Amino acid sequence: MDCSNFIESNDSPYKILLTAASLIPISHYFFGFLFISLAFLYNFLEIHFIQDLFTCFRGQPVCLTFNSCSDVYQEVVSKCSILHGRYLATPWLSSPHLQTVFLSSLGRGPAFTYRRQLFHLSDGGTIALDWLRNSNVPETSFQSKDTITEDDKTTIVVVIPGLTSDSAAAYVKHCALKMAKSGWNVVVSNHRGLGGISITSDCVYNGGWTKDIREVIDHLHHRYPEAPLFVVGTSVGANVLVKYLGEDGLNSPIAGAVAVCSPWDPLICDRFLHRRALQRIYNKALGLGLVGYAQLHQHVYSRLADWEGILKSRSVREYDYYGTRLLGKFETVDTYYRQTRSSAFVGNVTVPLLCISALDDPVCTKEAIPWDECRANKNIVLATTQHGGHLAYYQGITAKSLWWVGAVHEFFSVLHSSSLIRRKKEGQMQSSPLISPPESSIDQGPYINITEDGMVAAMADEQTNVEDINTEPMIQSDKNKDEISETQGSDRVMGNQTHLTDESPQPPGQEINDIIMPKGRYVDQLSRHSRKSIWLLAYIAIVTTWPLVGPALRLFFKKRFRNMLPGILRKAPR
């Protein structure tokens with residue numbers, strides 16, 4: 001056919017295009033549409049299968065952030081092969097969203113049975129402590145008794161679940177079984193109102209509520225003083241753990257801790273959850289989960305919060321506005337977020353702490369990770385991976401194991417045999433004998449005000465009661481629980497400093513002025529520097545504004561002086 005004759009025809013160009021399009025087979029359209037859809041989903045779901053394919057499925061290396069003088073890295077993390085290796089996600093779950101959804105909906109944890117213990121808090125609240133002892137795991141090669149005695153030296157691992165999660169969550173069961181197979185005793189500290197336990201007081205937990213875990217850890221330490229205590233916090237539980245470690249400093253009896261996928265700063269995470277379409281889906285899912293939690297305890301929420309507003313909540317922020325803000329007596333939701341962020345307490349952590357976060361976490365954004373604060377603290381090592389999702393970290397073709405569980409187990413195993421654990425024991429022996437836990441120092445942490453938010457109430461003087469559902473005999477705490485030695489009370493230091501020191505107590509003859517005078521001298525120096533800064537700012541202001549102010553002043557003074565001169569002087573000479 002002659003092309004010129006075809007173009008010179010009177011047919012419309014659109015008709016020609018339609019005629020040409022009709023000649024294309026339908027199968028080509030189908031494959032084209034399928035390709036475009038797959039490309040859109042690949043980017044929308046942040047799938048990294050092709051990236052893994054180009055790296056021959058070797059995975060991405062783990063990035064470690066730590067202080068160059070860190071003993072935690074030199075003696076512990078440097079010997080952990082998992083943290084110095086690579087993480088490769090399960091190929092058919094090569095997306096943070098696929099991993100997170102699979103963990104929350106389809107992921108199944110290992111099958112075993114906890115032994116429940118009811119723990120009564122000082123304010124009347126009740127939480128469930130679910131135990132998995134090494135004797136209850138048939139696959140373990142360690143032989144131990146069915147009960148734990150006071151002189152038992154077996155390590156106890158405390159697990160703090162995430163938001164609206166309890167001991168039945170898949171990732172919690174993976175972690176508990178892994179630790180129990182190592183011959184350790186594991187206890188999951190469920191949040192108030194979770195694990196099938198009703199709320200028995202007017203206090204409800206939130207993302208920064210450290211009072212409960214403080215009482216649980218103090219109870220475990222004083223009942224089993226010979227057993228090292230390790231703590232694993234996940235998601236919101238990790239935020240609570242880091243905040244607790246920063247508040248208590250050396251007063252905490254914990255020998256080592258791991259924070260997995262911590263939100264670090266709820267305010268930043270809240271902005272992140274409103275940013276994109278997928279994040280808004282997560283936000284709605286988390287909000288509905290919180291509404292379901294509130295419905296389980298309607299007798300408390302309907303009396304202390306805005307019940308109608310809670311039922312209408314479709315996001316975490318809406319729930320916090322109608323529920324958490326009123327229950328915690330916070331002025332605004334942002335006030336609650338700022339006061340509960342653990343990133344403000346990172347600098348005060350004094351125990352070996354490993355922090356694990358995924359840079360593609362769809363819930364806890366990497367923007368909230370306190371990189372510089374973790375690098376400045378010699379007791380913290382931050383391990384970040386390119387992939388992993390939120391608490392998922394599935395690995396292997398069958399996706400039956402979680403990478404972070406193995407990393408936590410290896411970290412605790414090396415820490416248990418290192419000299420850091422021995423230093424911790426020696427410090428505890430030198431500090432004081434077995435006495436009741438000191439007065440809570442939560443009011444000394446930054447951004448905490450008891451009179452305003454009311455959530456950080458001091459521990460009551462009543463003895464904490466414990467009740468075991470399995471009628472296992474429980475040993476009461478020491479009778480002298482309310483007695484606190486004067487030495488320990490005097491060693492507590494206000495502010496962001498640690499509370500216990502290895503120095504000898506102050507001599508009786510030393511006057512209080514010897515302590516106040518250095519502080520006054522520092523205040524005087526600060527005042528002098530402030531006055532210098534004010535003069536410097538004034539000089540900068542004059543110099544920068546002189547091009548505008550100078551001509552105006554010259555014109556003003558010129559007119560004033562011209563009016564003051566005699567008339568004969570003002571006549572211009574001819």
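What you are looking at is a predicted structure, and each value in this text was computed from that prediction instead of being measured.
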Can you find a heavy atom in the side chain of Tyr394 that is under 4.5 Å from one in the side chain of Leu402? yes
What I'd like to find out is whether the side chain of Asn379 reaches to under 4.5 Å of the side chain of Leu353, using heavy atoms alone. no
Does any donor atom in the side chain of Tyr337 or Asp265 lie under 3.5 Å from an acceptor atom in the other side chain? no
Tell me whether Thr100 contacts the main-chain N or O of Pro96 through its side chain, where contact means a donor paired with an acceptor under 3.5 Å. yes
Hey, mind stepping through Trp264 and Cys355 against side-chain contact (heavy atoms from CB on, under 4.5 Å) and telling me if it holds? CA-CA 11 Å; Trp264 296 110; Cys355 303; 3.6 Å; yes
Expected output: side-chain Thr155 to main-chain Leu229 donor-acceptor under 3.5 Å: no
Roughly how far apart are Ile217 CD1 and Ile156 CD1, rounded to 0.5 Å? 11.0 Å
Mind checking whether Tyr301 and Tyr293 have parallel, tilted or perpendicular rings, split at 30° and 60°? perpendicular
Note: Phe411 and Ala257 closest approach over all heavy atoms is CE2-O, 3.8 Å
Can Glu215 and Lys211 be counted as an ion pair, charged N to O under 4.0 angstrom? yes
Arg314 with Glu318: basic N within carboxylate O range, under 4.0 Å: no
Shortest non-hydrogen contact from Leu359 to Gln386? CD1-NE2, 3.7 Å
Just so I know, are the side chains of Val346 and Ile380 near enough to count as touching, which here means a heavy-atom distance under 4.5 Å? yes
Could you go through Val414 and Glu75, starting from their C-alpha distance and side-chain angles, then the distance that decides it, and tell me whether this counts as side-chain contact (heavy atoms from CB on, under 4.5 Å)? CA-CA 8 Å; Val414 178; Glu75 298 190 25; over 6 Å; no
When you measure from the side chain of His297 to the backbone of Gly193, do you find a donor-acceptor pair of N or O atoms at a distance under 3.5 Å? yes
Residues Asp360 and Lys366 bridged, charged N to O under 4.0 Å: no
For side chain to side chain donor-acceptor pair (under 3.5 Å), just list the numbers for Tyr73 and Ser68, CA-CA rounded to whole Å, side-chain angles, deciding distance to a tenth of an Å, and then say yes or no. CA-CA 9 Å; Tyr73 176 80; Ser68 58; over 6 Å; no
Reported NE2-to-NE2 distance for the pair His48 and His387, which is rounded to 0.5 angstrom: 4.5 Å
Side chains of His390 and Ser235: do they bring a donor and an acceptor to under 3.5 Å? yes
Look at Asp212 together with Arg192 and state whether they make a salt bridge at an N to O cut-off of under 4.0 Å. yes
Look at the side chain of Asp123 and the backbone N and O of Cys203, then say whether any donor-acceptor pair between them is shorter than 3.5 Å. no
Does the side chain of Val188 reach to within under 4.5 Å of the side chain of Pro161, using non-hydrogen atoms? yes
Just checking, any donor-acceptor pair under 3.5 angstrom between side chains of Asn190 and Asp130? yes
Between Thr126 and Thr200, is any side-chain donor less than 3.5 angstrom from a side-chain acceptor? yes
In terms of heavy-atom contacts, Cys364 and Cys269 come closest through CA-SG, 4.0 Å
Within the 4.5 Å heavy-atom criterion, are Phe119 and Val216 side-chain neighbours or not? yes
CD (Gln298) and CD1 (Ile310) are apart, to the nearest 0.5 Å, by 9.5 Å
For the pair His84 (side chain) and Val77 (backbone), establish whether a donor and an acceptor sit closer than 3.5 Å, ignoring hydrogens and angles. yes
Please confirm whether Phe44 and His97 have ring centers closer than 6.0 angstrom. no
If you measure from OG on Ser252 to CG on Leu245, what distance do you get to the nearest 0.5 Å? 5.5 Å
Checking Ser357 side chain against Thr384 main chain: does a donor-acceptor pair fall under 3.5 Å? no
Among side-chain atoms of Thr324 and Tyr336, is any donor-acceptor pair under 3.5 angstrom? no
Distance in Å, Lys284 NZ paired with Ser313 OG, rounded so as to fall on 0.5 Å steps: 12.5 Å
Main chain of Val405, side chain of His409: is a donor-acceptor contact present, judged purely on distance under 3.5 Å? no
Under a 3.5 Å distance rule, please check whether Ser418 uses its side chain to pair with a backbone N or O of Val76 as donor and acceptor. no
Heavy-atom nearest pair, Ile127 first then Ser189, reads CD1-OG, 4.0 Å
Does the pair Val62 and Trp403 meet the rule for a side-chain contact (heavy atoms from CB on, under 4.5 Å), with working shown? CA-CA 11 Å; Val62 181; Trp403 175 86; 3.7 Å; yes
Considering the options Asn377, Thr65, Ile356, which one meets the side chain to side chain contact (heavy atoms under 4.5 Å, CB included) requirement together with Leu382? Thr65
Less than 4.0 Å between a side-chain N and a carboxylate O, is that true for Arg271 and Glu367? no
Just checking, any donor-acceptor pair under 3.5 angstrom between side chains of Glu373 and Ser343? no
For Arg317 and Asp334, work out which heavy atoms get closest and say how close. NH2-OD1, 2.9 Å
side-chain contact (heavy atoms from CB on, under 4.5 Å), that's the test. Do Leu354 and Phe412 meet it? Break it down for me. CA-CA 10 Å; Leu354 172 66; Phe412 282 158; over 6 Å; no
Does the side chain of Thr340 come within less than 4.5 Å of Trp209's, by heavy atoms? no
Hey, is the main chain of Ser342 close enough, under 3.5 Å, to the side chain of Asn239 for a donor-acceptor pair? yes
May I ask you to say whether Asp71 pairs ionically with Lys378, meaning some side-chain N is under 4.0 Å from a carboxylate O? no
Any side-chain donor near an acceptor of the partner, Thr385 and Tyr393, under 3.5 Å: yes
Between Tyr321 and Thr332, is there a side-chain donor-acceptor contact under 3.5 Å, judged purely by atom types and distance? no
Please find the pair of heavy atoms, one from Gly309 and one from Tyr322, that lie closest to each other, and give the distance. O-CD1, 3.3 Å
Geometric cation-pi criterion Arg275 and Phe272, 6.0 Å radius, 45° cone: no
Please report the interatomic distance CG(Asn206) to CG(Asp320), rounded to the nearest 0.5 Å. 8.5 Å
Do the non-hydrogen side-chain atoms of Val300 and Val204 ever get within less than 4.5 Å of each other? yes
Would the number of heavy atoms belonging to other residues, nucleotides or ligands and lying under 6.0 Å from NZ of Lys178 be above 12? no
With side chains defined as the heavy atoms from C-beta onward, is the minimum distance between Val158 and Val232 less than 4.5 Å? no
